[in-house]
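Take a look at the structure below.
Counting starts at 1 for both ligands and their atoms, in listed order. Here the structure is a predicted model, which is why all the values come from computation and not from measurement. Computed from heavy atoms alone, side chains included, the values below leave out hydrogens, waters and symmetry copies.
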Amino acid sequence: MDALNQEADFKVYTPETVKDPDEIKMALTWKAPAGSYSHYPNLQVIGSMGAGVDHLFEDPSLPQHVRLTRVVDAKLSRDMQEFVLAQCLNHIKNLSSYAQSQEQSLWKPMEYGRAAEVTVGILGFGTLGQAVGKKLANVGFQVSGWAKSAKQVAGIKSYTEDQLDVFLESCHILVCLLPLTEDTNGILNNTLFQKLPKGSYLINVARGGHLNDEDLIQSLNSGQLSGAALDVFNIEPLSTDHPFWKRKEILITPHVASMSNAKSVAPQVIENYHRMERGEELLNVVSRDKKY
Ligand code: GLV
C-alpha cells in the first residue's frame with residue numbers, strides 16, 4: 001500500500017483510513033460485509049480481488065450503477081493448472097491410498113490408471129477451466145469441457161448447455177470450475193453423479209456451494225463415486241465435526257488451489273483505475289446478468 005501511495009497518481013485507503021467517503025471511486029474487495037459499499041456515494045467500480053465474484057452478489061445493497069470486475073491472472077491460472085494436475089495424477093496413481101497404507105505398514109500394490117486412458121471433464125470451461133484443460137491435455141489426458149456457451153479449444157471436446165448429460169457420460173474425473181450462481185448452486189448432487197460412469201472421481205476447486213454434501217456421502221457409500229478431492233466447502237473453515245474429515249476417499253485441502261497474488265494482480269487493478277478515469281472500457285468485466 002505504501003509503495004503504491006508513493007508512486008501512484010491515486011491514493012489507497014482501507015475502510016478504516018478513509019477520511020472523505022466522497023473521494024472514493026473504486027473499491028477492491030474480497031467478501032466485504034454486506035452494506036460496505038453504500039458508504040461511498042461516488043463509487044464507480046468494484047473489483048473482486050479474486051477470480052470468483054459470488055461474494056459480491058451476496059450483498060443485497062450492491063449498488064446497481066457500479067461496474068464490477070474480477071481478476072484474470074496468468075499466475076492464478078498456472079496455480080490452478082498445477083493443482084488440478086496434481087489431483088488428477090494423485091488419483092490415477094493411488095498416491096493417497098498408499099499414504100494410508102503406509103500408516104499401517106501395509107504393502108498393497110494397486111491397479112493404476114494412465115492419463116491417455118482417462119477422460120477428465122471440466123465442468124465450467126471458462127478462463128480457468130480452459131487453462132486447466134489445456135494443461136491436462138498436454139500431459140496426455142483425454143479432456144472435455146462443458147460451458148453455457150460453445151468454446152473452441154484445439155484438442156479438447158467442448159460441450160454446451162443442453163449437452164450436459166452426454167458430457168458427463170464419459171468423465172472418469174469431473175473437475176468443477178464453475179462460477180457459483182443461482183443456476184449452479186448445488187449442481188454437484190446425486191442426479192448429476194448418477195450420470196457419470198460408476199466409480200468416477202470428483203475434484204471441486206470452485207465453490208463449496210456447488211456441492212450437496214449429503215449427496216456426496218451417499219454417492220461414495222454406493223460406489224457411484226470412488227472419491228473426491230475438495231478444496232472448497234459450504235462453510236469454511238470446514239467444521240471439525242463434519243463427516244468429510246472421516247472419509248478416507250475424500251482428500252481435503254483448505255481452499256488453497258489457487259490464490260490471488262497481490263504483486264501479480266496489482267497491474268490490472270491500476271490499469272482499470274486509469275481506464276475508469278479516462279471513461280474507457282474496463283478489463284475483466286463481470287456481467288450483472290450472468291453473475292460471472
Ligand atoms: C478464489 O477462490 C477466487 O475466486 O479467486
Which atoms of ligand 1 have any heavy atom of [X] under 4.0 Å away?
{"X": "Gly52", "result": "3 (C), 4 (O), 5 (O)"}
{"X": "Ala51", "result": "3 (C), 4 (O), 5 (O)"}
{"X": "Gly50", "result": "5 (O)"}
{"X": "His255", "result": "1 (C), 2 (O)"}

Please say whether Arg207 places an N or O atom under 3.5 Å from an N or O atom belonging to ligand 1.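 N/O-N/O distance under 3.5 Å: yes.
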
Check this for me: Leu106, atom CG, are more than 12 non-hydrogen atoms of other residues, nucleotides or ligands nearer than 6.0 Å?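 Atom CG in Leu106 is packed in, count exceeds 12.
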
Taking the inter-plane angle between the rings of His274 and Phe10 on a 0 to 90° scale, is it parallel (under 30°), tilted (30 to 60°) or perpendicular (over 60°)? perpendicular

Select one of side chain, backbone, both or neither to describe which atoms of Met259 lie under 4.0 Å from any atom of ligand 1, heavy atoms only. neither

Salt bridge check: are [X] and [Y] linked by an N-O gap of less than 4.0 Å?
{"X": "Lys25", "Y": "Glu277", "result": "yes"}
{"X": "Arg275", "Y": "Glu271", "result": "yes"}
{"X": "Asp183", "Y": "Lys291", "result": "no"}

Please determine whether any non-hydrogen atom of Met49 lies less than 4.0 Å from an atom of ligand 1. no

Qualifying salt bridge (Lys or Arg N to Asp or Glu O under 4.0 Å) pairs with a residue from residues 116-125, counting only residues at least two apart or across chains: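 Qualifying pairs: Arg114-Glu117.
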
